[in-house]
**Student:** 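Mind having a look at this structure? Questions to follow.
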Amino acid sequence: MHRTHHCGELRRSHVGQVVTLGGWVNSYRDHGENLVFIDLRDRYGKTQIVFNTEDSSEIDSLARRLRREDVVKVRGEVRYRGDALVNPKLATGEIEVRVQGLEILSRSKTPPFEVEGGDLPNEELRLKYRFVDLRRPELQKSIILRHQLTQAVREYFNARDFLEIETPMLGRSTPEGARDYLVPSRVHPGSFYALPQSPQIYKQILMVAGFDRYYQIARCFRDEDLRADRQPEFTQIDVEMAFVERDDILNMIDGLVAHVMKSIRSVEIPLPLPRYTYADVMERFGSDKPDLRFGMELIDIGAIAAASEFSVFRNVIGSGGRVRGINVKGAAEKYSRRLLDVDLKNFVGEFGAKGLAYMKVAGGKLESTIAKFFSDEQQQQIIQKMSGEDGDLLLFVADQPKVTSAALSALRNRLAKELKLYDPSDFRCHWVIDFPLVNWNPEEQRFDAEHHPFCQPNPEDVSYMTTDPGRVRADSYDLVVNGYEAASGSVRIHDSAVQQQVFDLLKINPEEAERRFGFLLEALRYGAPPHGGVGMGLDRWVMLLAGDDNIRDVIAFPKTQKAADLLTGAPSGVDDRQLRDLHIQVQLPEEK
RNA sequence: GGGGUCGUAGCUCAAUUGGUUAGAGUACCGGACUGUCGAUCCGGGGGUUGCGGGUUCAAGCCCCGUCGACCUCGCCA
């Protein structure tokens, strides 16, 4: 037997028992030939084991050769350490194991970095030696949290008649949306499978097939550039329901969120979760996924700006732009001119803003290099509109509407973080509903689907489908947590005629639609119930619950920004033989 | 594809802004120590300054290129 207990288990109640433990040498404290302490570690915790010549003279030469990360098996008696020697930092700190037998199961090379203590090395090294990194308690905690979350999710859905159904990984490429990861077919020369960007079409077909409550913890693949919260392969909690309207789905997911928060964090959250319209959050926060842990809403001062003598503002208004600002409460003295004129100006520049105007509220008046362009009355109007008080910093962006939204919402997030305007452990969820159905794509001179082409138009807006498509709201919704898109879904089109209408709008002609999605359209012609669902980003949920802002820390084997796996060396070249089998010829990009 | 940060001992960082033999902490190796728990004390080894080129009497530092990691814009139905 390799062990009778694990390393986080033994307590004072075990004193006197002879136990066997297995684990990694976390640290050793060598007091000479007669006394050696080892902290033995496994995923459950740490236990101090003691080698003392009084009771184990023949093994201490072996014990003294133990080094960090060696894997050992020890047998010994559990003893109380004594009142003065208890270590309150360890769950097992009241006891220690006096070793009677030691077996070294596996030696370790000196690890490239320390599992405990020491500074974290750069991520490149951590990823290359992921098996060492994953031994760190922080990562173990996240991986365990991830398991707990998936179990809570299964528990919730299983109790409500949902069926967990797997869908294929090798599917058909539907070239719309993200770039596909392709898999060449050996038996169909020149043909390719695509890895799923999401199980979207399959789950709709499952609804047509009568499995009216479905979920799946599904792996998804998107060949797009990465971010701190985006991996090329990620996991979705994929859900679909039939015979439902939007609110049935939102309520079901509300219940899931509450269940998860209860089981993971032991907190009750009030339901329903708040629901805001897209138009509302875009106006108030400039973002479709605003972080609501703090205020700092965007305020429009266009009317005042248009009447002022400040030509920059007036010209922007004259050319269809907007002047909007935020009030950074009490921050007038926290940002120097250099920070405002260089750092923050460059920051908003990344989002297309040509400038950043700022004013400080002092003595009930505005202090600014541009204050002279505003009459006393206009200054008072600005202060009132912005709810300004002495010591406040007012920041303005004057630009095209989209730019003011993008720049100010990014600025809002950055400043709130810098000024610690919220509790990082806070967890604020809300829905954003009524997204537009389509977006105008000026380059392609057509409308693109905002969500996806199977999303149902809001019945109240169908009359605009031909006259003013940009105005049509979709029956779609996102769940936003702390400024992250944590879930996204919609009611789907279950009528092939409506589906065709949407394809027309997206300039997907009937032949093309038939070629790409013919199987779905055909399925919709055989009795499709009203249905809808949601896909939730599991990795992001774990990240948020772990209080992290890096998705790689909640994935056991993540990829780098260039989608490489530094542990295994994927992707890699393959043998010519494999390429021949797949009828693939490689054409490398030309050298410069 | 664009912008930015970084790359110096196994690891984390420093090196007085171009000037002597590139240092510190930690890890590692050896020694001492019978109650430590971030053990302590003594001693030791350890460097292609990511890689390639250039400027200079002289380059870790300046210039060009390149590789890699991270952040970000575009992208991500």
**Student:** Under the criteria of a ring-centre distance below 5.5 Å and an interplanar angle below 30°, is A:H31 stacked with the base of B:rA39?
**Tutor:**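 Stacking is present between B:rA39 and A:H31, given that their ring centres fall under 5.5 Å apart and the planes under 30°.
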**Student:** Base, sugar-phosphate, or nothing: which does A:P453 touch, judged by heavy atoms less than 4.0 Å apart?
**Tutor:**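 It contacts base atoms.
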**Student:** Ignoring backbone atoms, test whether A:T110 places a side-chain nitrogen or oxygen under 4.0 Å from the OP1 or OP2 oxygen of B:rC28.
**Tutor:**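 For B:rC28, OP1/OP2 do not have a side-chain N/O of A:T110 under 4.0 Å.
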**Student:** Can you tell me the distance, in whole Å, between the CZ atom of A:F347 and the P atom of B:rC73?
**Tutor:**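 Between P of B:rC73 and CZ of A:F347: 8 Å.
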**Student:** Consider the side chain of A:E224, meaning its heavy atoms from C-beta on, and name the nucleotide among B:rU36, B:rC76, B:rU72 that approaches it most closely.
**Tutor:**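 Among the listed nucleotides, the one closest to the side chain of A:E224 is B:rC76.
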**Student:** For B:rC29, take OP1 and OP2 only and decide whether either is under 4.0 Å from a side-chain N or O of A:R67.
**Tutor:**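 It does, given that an N or O in the side chain of A:R67 lies less than 4.0 Å from OP1 or OP2 of B:rC29.
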**Student:** Looking at B:rU34, B:rG68, B:rU36, which one has an atom nearest to any side-chain atom of A:T53?
**Tutor:**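 So the nucleotide nearest the side chain must be B:rU34.
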**Student:** Is the A:F347 ring parallel, tilted or perpendicular to the A:F351 ring (thresholds 30°, 60°)?
**Tutor:**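 Perpendicular: the ring planes of A:F347 and A:F351 meet at over 60°.
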**Student:** How would you label the contact of A:F435 with the nucleic acid (heavy atoms, under 4.0 Å): base, sugar-phosphate, or nothing?
**Tutor:**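 Since no nucleic acid heavy atom lies under 4.0 Å of A:F435, the category is nothing.
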**Student:** Whole Å only: how far is the CG atom of A:L120 from the P atom of B:rG38?
**Tutor:**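 It works out to 19 Å between those atoms.
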**Student:** Output the rounded distance in Å from CG (A:N346) to C1' (B:rC73).
**Tutor:**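 Rounded to whole Å, this separation is 14 Å.
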**Student:** Looking across every strand, which nucleic acid part, if any, lies under 4.0 Å from A:R98 by heavy atom: base, sugar-phosphate, or nothing?
**Tutor:**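 A:R98: base contact, heavy atoms under 4.0 Å.
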**Student:** Please report, rounded to the nearest Å, how far the P atom of B:rA27 is from the CZ atom of A:R29.
**Tutor:**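 In whole Å, B:rA27 P and A:R29 CZ are 13 Å from each other.
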**Student:** Using a cut-off of 4.0 Å on non-hydrogen atoms, how would the nucleic acid contact of A:R81 be classed: base, sugar-phosphate, or nothing?
**Tutor:**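 Here A:R81 touches the bases of the nucleic acid.
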**Student:** Kindly state each residue pair satisfying salt bridge (Lys or Arg N to Asp or Glu O under 4.0 Å) with at least one member in residues 132-142 of chain A, sequence neighbours excluded.
**Tutor:**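 Qualifying pairs: A:E69-A:R135, A:R126-A:D133, A:R130-A:D133, A:D133-A:R136, A:R136-A:E138.
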**Student:** Taking the C1' atom in each of B:rC11 and B:rG18, what is the distance between them to the nearest angstrom?
**Tutor:**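 That atom pair is separated by 29 Å.
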**Student:** Are side-chain N/O atoms of A:Q231 and A:D539 paired as donor and acceptor at under 3.5 Å?
**Tutor:**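 Checked: A:Q231/A:D539 side chains show no N/O donor-acceptor pair below 3.5 Å.
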**Student:** Report yes if a donor N or O on one partner sits less than 3.5 Å from an acceptor N or O on the other, where the partners are the side chain of A:R230 and the base of B:rC76; otherwise report no.
**Tutor:**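 Result: at least one qualifying N/O pair found.
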**Student:** When the P atoms of B:rC76 and B:rG68 are considered, how many whole Å apart are they?
**Tutor:**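 Per the computed distance, 25 Å lies between those P atoms.
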**Student:** For A:I201 and for A:L85, find the nucleotide of RNA chain B with the closest heavy atom, then tell me which residue's nucleotide is more 5'.
**Tutor:**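 Here A:L85 is the residue nearer the 5' end.
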**Student:** Is it true that A:K417 and A:D291 have a side-chain N and a carboxylate O under 4.0 angstrom from each other?
**Tutor:**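 Judged by the 4.0 Å cut-off on N to carboxylate O distance, A:K417 and A:D291 do not form a salt bridge.
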**Student:** Quick one: label A:L226 by what it contacts on the DNA or RNA (base, sugar-phosphate, nothing), any heavy atom closer than 4.0 Å.
**Tutor:**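 Here A:L226 touches no strand at all.
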**Student:** Taking CD from A:Q48 and P from B:rA39, how many angstroms apart are they, rounded to a whole number?
**Tutor:**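 Spelled out: CD on A:Q48 to P on B:rA39 is 11 Å.
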**Student:** Please state how far atom CG in A:D83 lies from atom C1' in B:rG35, giving the value in whole angstrom units.
**Tutor:**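 Value for this atom pair: 14 Å.
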**Student:** Among the candidates B:rC75, B:rA69, B:rA39, find the nucleotide nearest to the side-chain atoms of A:E124.
**Tutor:**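 Of B:rC75, B:rA69, B:rA39, B:rA69 is nearest to the side chain of A:E124.
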**Student:** For the side chain of A:Q561, starting at C-beta, report the closest nucleotide among B:rG35, B:rU36, B:rC70.
**Tutor:**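 So the nucleotide nearest the side chain must be B:rC70.
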**Student:** Is any side-chain nitrogen or oxygen of A:K46 closer than 4.0 Å to OP1 or OP2 of B:rC37?
**Tutor:**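 Checking B:rC37 against A:K46, no side-chain N or O comes under 4.0 Å of OP1 or OP2.
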**Student:** Rounded to whole angstrom, note down the P distance from B:rA22 over to B:rA27.
**Tutor:**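 After rounding to an integer number of Å, I get 25 Å for this pair.
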**Student:** Pick the P atom in B:rA24 and in B:rG31, then give their distance to the nearest Å.
**Tutor:**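 Taking atom P in both B:rA24 and B:rG31, they lie 24 Å apart.
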**Student:** Where the side chain of A:N34 is defined as all heavy atoms beyond and including C-beta, which of B:rU34, B:rG68, B:rC28 is the nearest nucleotide?
**Tutor:**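 So the side chain of A:N34 is nearest to B:rU34.
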**Student:** Using a heavy-atom cut-off of under 4.0 Å over every strand shown, decide if A:F351 touches base, sugar-phosphate, or nothing.
**Tutor:**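 Contact class for A:F351: sugar-phosphate only.
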**Student:** For B:rU5, which nucleotide in any strand shown is its Watson-Crick or wobble partner with both distances under 3.5 Å?
**Tutor:**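 Its partner is B:rA69.
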**Student:** When A:P457 is tested against each of A:I493, A:V438, A:L505, A:V491 for side chain to side chain contact (heavy atoms under 4.5 Å, CB included), which residue passes?
**Tutor:**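 With A:P457 as partner, A:I493, A:V438, A:L505, A:V491 yield a single side chain to side chain contact (heavy atoms under 4.5 Å, CB included), made by A:I493.
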**Student:** Using whole Å, what does the distance between atom C1' of nucleotide B:rG35 and atom CG of A:D39 come to?
**Tutor:**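 So the two atoms are 13 Å apart, to the nearest Å.
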**Student:** Just how far, in rounded Å, is P of B:rA69 from CD of A:E123?
**Tutor:**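 Distance check: A:E123 CD to B:rA69 P gives 11 Å.
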**Student:** Indicate, with a heavy-atom threshold strictly under 4.0 Å, whether A:E450 touches base, sugar-phosphate, or nothing.
**Tutor:**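 Sugar-phosphate, backbone atoms only, no base.
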**Student:** Is the ring centre of A:F37 under 5.5 Å from the base ring centre of B:rU36, and are the two planes under 30° apart, so that they stack?
**Tutor:**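 A:F37 vs B:rU36: stacking yes.
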**Student:** The side chain of A:L566 is closest to which nucleotide in this list: B:rC29, B:rA69, B:rA39?
**Tutor:**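 Per side-chain heavy atoms of A:L566, the pick is B:rA69.
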**Student:** Please pick, from B:rC71, B:rC33, B:rA39, the nucleotide with the shortest atom-to-atom distance to any side-chain atom of A:D30.
**Tutor:**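 Shortest atom-to-atom distance from the side chain points to B:rC33.
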**Student:** Say you pick atom C1' in B:rU12 and the same atom in B:rG7; how far apart are they, in whole Å?
**Tutor:**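 Those two atoms are separated by 13 Å.
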**Student:** For the side chain of A:E114, starting at C-beta, report the closest nucleotide among B:rA27, B:rU36, B:rU72.
**Tutor:**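 Nearest to the side-chain atoms of A:E114, counting from C-beta on, is B:rA27.
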**Student:** A:R227 has a side chain; which of B:rC29, B:rU72, B:rA69 sits nearest to it?
**Tutor:**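 Nearest to the side chain of A:R227 among the choices is B:rU72.
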**Student:** Of the listed nucleotides (B:rG10, B:rU72, B:rC28), which one gets closest to any side-chain atom of A:P112?
**Tutor:**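 Given the options B:rG10, B:rU72, B:rC28, the side chain of A:P112 is closest to B:rG10.
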**Student:** Using a distance-only criterion (donor-acceptor N/O pair, under 3.5 Å, no hydrogens), is the base of B:rG74 paired with the side chain of A:D225?
**Tutor:**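 Result: at least one qualifying N/O pair found.
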**Student:** Which is true for A:N87 with a 4.0 Å heavy-atom rule: it touches a base, it touches only sugar-phosphate, or it touches nothing?
**Tutor:**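 Counting heavy atoms under 4.0 Å across all strands, the contact made by A:N87 includes a base.
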**Student:** Whether A:N122 contacts B:rU12 is assessed here as follows: a side-chain N or O lying under 4.0 Å from the phosphate OP1 or OP2. Is that the case?
**Tutor:**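 Result: yes.
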**Student:** When the ring planes of A:Y278 and A:F435 are compared, do they come out parallel, tilted or perpendicular, using 30° and 60° as the limits?
**Tutor:**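 Ring orientation, 0 to 90° scale: tilted.
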**Student:** For A:Q216 and A:T167, which I'm curious about, is there any donor-acceptor pair between the side chains at under 3.5 Å?
**Tutor:**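 Judged by distance alone, the side chains do pair up.
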**Student:** Both distances below 3.5 Å, Watson-Crick or wobble geometry, any strand: find the nucleotide opposite B:rG35.
**Tutor:**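 Check on B:rG35: unpaired, no WC or wobble geometry under 3.5 Å.
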**Student:** Which is more 5' along RNA chain B, the nucleotide nearest A:L125 or the one nearest A:R64? Just name the residue.
**Tutor:**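 Nearest-nucleotide comparison on RNA chain B picks A:L125.
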**Student:** With rounding to whole Å, what would you report as the distance between B:rC61 and B:rU56 at their C1' atoms?
**Tutor:**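 So the two C1' atoms sit 13 Å from each other.
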**Student:** Can you say whether the rings of A:Y44 and A:H6 are parallel (under 30°), tilted (30 to 60°) or perpendicular (over 60°)?
**Tutor:**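 Correct class here is parallel.
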**Student:** Taking 4.0 angstrom as the limit, do A:R540 and A:D229 come out as a salt bridge?
**Tutor:**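 Answer for the salt bridge query: yes.
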**Student:** Sticking with atom P, work out how far B:rU26 lies from B:rG38, rounded to a whole angstrom.
**Tutor:**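 So the two P atoms sit 14 Å from each other.
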**Student:** Checking all strands, does A:Q231 fall into the base, sugar-phosphate, or nothing category for heavy-atom contacts under 4.0 angstrom?
**Tutor:**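 Contact class for A:Q231: none.
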**Student:** Report the base-pairing partner of B:rU26 (Watson-Crick or G-U wobble, both distances below 3.5 angstrom), or none.
**Tutor:**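 The answer is B:rG10, by the H-bond criterion.
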**Student:** Could you check whether A:D461 pairs with A:R471 (Lys NZ or Arg NE/NH1/NH2 to Asp/Glu carboxylate O, under 4.0 Å)?
**Tutor:**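 Salt bridge between A:D461 and A:R471, a charged N being under 4.0 Å from a carboxylate O: no.
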**Student:** Do the side-chain N or O atoms of A:K128 get closer than 4.0 angstrom to the phosphate oxygens (OP1, OP2) of B:rA69?
**Tutor:**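 Indeed not, no polar side-chain atom of A:K128 lies that close.
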**Student:** Determine the Euclidean distance between corresponding P atoms of B:rG53 and B:rA59; express it in Å to zero decimal places.
**Tutor:**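 Per the computed distance, 14 Å lies between those P atoms.
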**Student:** So, is B:rU56 syn or anti if syn means the angle is within 90° of 0?
**Tutor:**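 This nucleotide is in anti.
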**Student:** Which part of the nucleic acid, if any, lies within reach of A:L506 when heavy atoms closer than 4.0 Å are counted: base, sugar-phosphate only, or nothing?
**Tutor:**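 No contact.
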